[in-house]
Amino acid sequence: LRPIHRLLSRAGTVAADVRREEQSSGSVETGSEDRTPKKKFSEVQKERREQAKRTVLIHCPNKISEKKFLKYLSQHGPINNHFFYESFGLYAVVEFCQQESVASLQSVTRTPSMDTEAAIPFRSRFFNLRLKSPSNQPSEQPHAQCSSQSSPSSKKLFELLCDAESIDDQLNTLLKEFQLTEENTRLRYLTCSLIEDIAGAYFPDCTVRPFGSSVNSFGKLGCDLDMFLDLDEIGKFSAHKTSGNFLMEFQVKNVPSERIATQKILSVIGECLDHFGPGCVGVQKILNARCPLVRFSHQASGFQCDLTTNNRIALKSSELLYIYGALDSRVRALVFSIRCWARAHSLTSSIPGAWITNFSLTIMVIFFLQRRSPPILPTLDYLKTLADAEDKCIIEGHNCTFIRDLNRIKPSGNTETLELLLKEFFEYFGNFAFNKNSINIRQGREQNKPESSPLHIQNPFETSLNISKNVSQSQLQKFVDLARESAWILQQQDQDRPSPSSHQPWGLATLLLPSVANSLCLAKKKKKKPASERIKNLLESIKSSSAENSTDTNGK
Ligand code: CTP
Ligand code: MG
């Protein structure tokens, strides 16, 4: 029996073959393999948010009969969808068909009485289910099946990659194993919706929207959850209601700047999450960053959350990346592999510092794909020319206009394989003139660097900002060295690929596993750097990370 992932990726190969044939016969003009209309980012957001509002999160006893559980909850209305997962206990995500069911469930729910502690009576959509008499639950009942919320172990990934049939197959396998699952996506929207309820205690009608990798289609299982507290909708409602000669305004408190307003709002929401937010722990208010934020951990979902407000441009960049990710199936596969490659070699880290971020890597891949001949991705300026009046969007004076209906963007005629693109990516950036050029996806070509940061990647919308200002020269050099080394490994293997039956690592597997890569006796044998140099690098990264908090680097 073939593993299912192979069957799936073979199906992809067949689709690509059909496409090539169609192209050579001239019946199709471009390289799109999927003709089903794709949803607009705003449509996806709307559907998911609406779904999340009808959904509840329930902490369950460990041994629970799924059937009885569903029967019990159905008293409040029909259930549309549910799943269980484990995260220091068993949890269920239950989506009702109607929102009224949630209120009905809440109306029969009690606040627990504590023996030694006191409960803060906050009524949310996060519940705790207890068995009235645990012994009544017969143990032979089939227990709930859990959906996994984490990516495969390195061992499993290694096996999958070694079993793949081609490098293209390896990249697609990696994407399939690491991308967010349907359940994980639901859990992300639900978590935002639960936080929205808490923020709604202060600002009724506010919206908490996920952004960043949770929604831009480049999210890896386990990535953080970036949230945007949107208070603008509140203002909009009142704008419509005015008529006649008068204009009614709310009496409000004024503060000296937008930034101070943001800090005050986040400060109070941070307090609220800390004191009343069920399952919100480790709340940190990081209000002096360029983009002030509240960081906390949502225990039940296991997400590390970053809540910001007044950060609408980041939401727009998430939409742009979503479009780029959906335009061609090679984009996500390549980005995931490059992100995993960077993580495997500690080029990226979950701790902020002088290293390259996933966001920067994604923009670098997009830029590289714009530079292919013919281009695989269009420039942002081109997407702007396709925009119609409804797409027009100016945020804080920045023109963020681009076409939002991705079905109207002509797919690329480029048919290069992922294997070739991976190799060429490493070669391209292994030889890029980082000392004089800046990466610019708006124009899709190198620009002269406007300032002296080692790595300059122009923010697509706030064009005076460099999204990789935090990156030190030594981290950039490490990226370049590894890119060259990886290009070299792939080139060597072209001539001498181990047979699949030998179970030797090959292709992407050699690039991802540092220990394996080391044992390959690379031409460049690296000596460990002297301690003085390592300490210098460390100091450099600490310096840039503290600069990052006070200046304009990280969008946070
Ligand atoms: N962002 C930005 N400028 C930066 C950093 C971030 O505009 N210098 C925006 C981007 O839209 C990014 C989002 O903030 O997608 C979230 O940032 P971050 O969590 O760092 O990146 P993600 O894309 O979410 O990637 P990851 O999976 O590493 O979290
Ligand atoms: Mg993120």
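Just so you know, ligand 1 is whichever comes first in the structure, and atom 1 is the first atom listed for that ligand. If you read the sequence from its start, that first residue is 1, and numbering goes on from there.
Note that the CD1 atom of Ile260 and the CG atom of Leu287 stand 12.0 Å from one another [nearest 0.5 Å]. With rounding to the nearest 0.5 angstrom, the SG atom of Cys272 is 5.0 Å from the OH atom of Tyr202.
Against a heavy-atom cut-off of under 4.0 Å, Ser317 is close to the following atoms of ligand 1: 11 (O). Close contacts between ligand 1 and Ile467 involve ligand atoms 8 (N) [criterion: under 4.0 Å to a heavy atom]. Of all the atoms in ligand 1, the ones that sit under 4.0 Å from a non-hydrogen atom of Cys223 are 27 (O).
Residues satisfying the salt bridge (charged side-chain N to carboxylate O under 4.0 Å, His left out) criterion with Glu427, sequence neighbours excluded, are absent altogether.
Of the listed residues (Phe228, Phe359, Phe211), the one carrying the non-hydrogen atom nearest atom 10 (C) of ligand 1 is Phe359.
Looking only at N/O/S atoms, Asp226 comes nearest to the Mg ion (ligand 2) through OD2. Residue Asp224 approaches the Mg ion (ligand 2) most closely through its N/O/S atom OD1.
No cation-pi contact links Arg49 to Tyr189, judged by a cut-off of 6.0 Å to the six-membered ring centre and 45° from its axis. Both tests do not hold together for Lys40 against Tyr322: distance to the six-membered ring centre under 6.0 Å, angle to the ring axis within 45°.
By the criterion of a heavy-atom distance under 4.0 Å, the side chain of Arg339, and not its backbone, is placed next to ligand 1. At a heavy-atom cutoff of 4.0 Å, ligand 1 is contacted by both the backbone and the side chain of Ser213.
Residues Phe426 and Trp341 bring their aromatic ring centres within 6.0 Å. In this structure, the ring of Phe178 has its center no less than 6.0 angstrom from the ring center of Phe336.
Within the structure, the closest approach of Asp226 to ligand 1 falls below 4.0 Å when heavy atoms are considered. Between Lys469 and ligand 1 there is no heavy-atom distance shorter than 4.0 Å.
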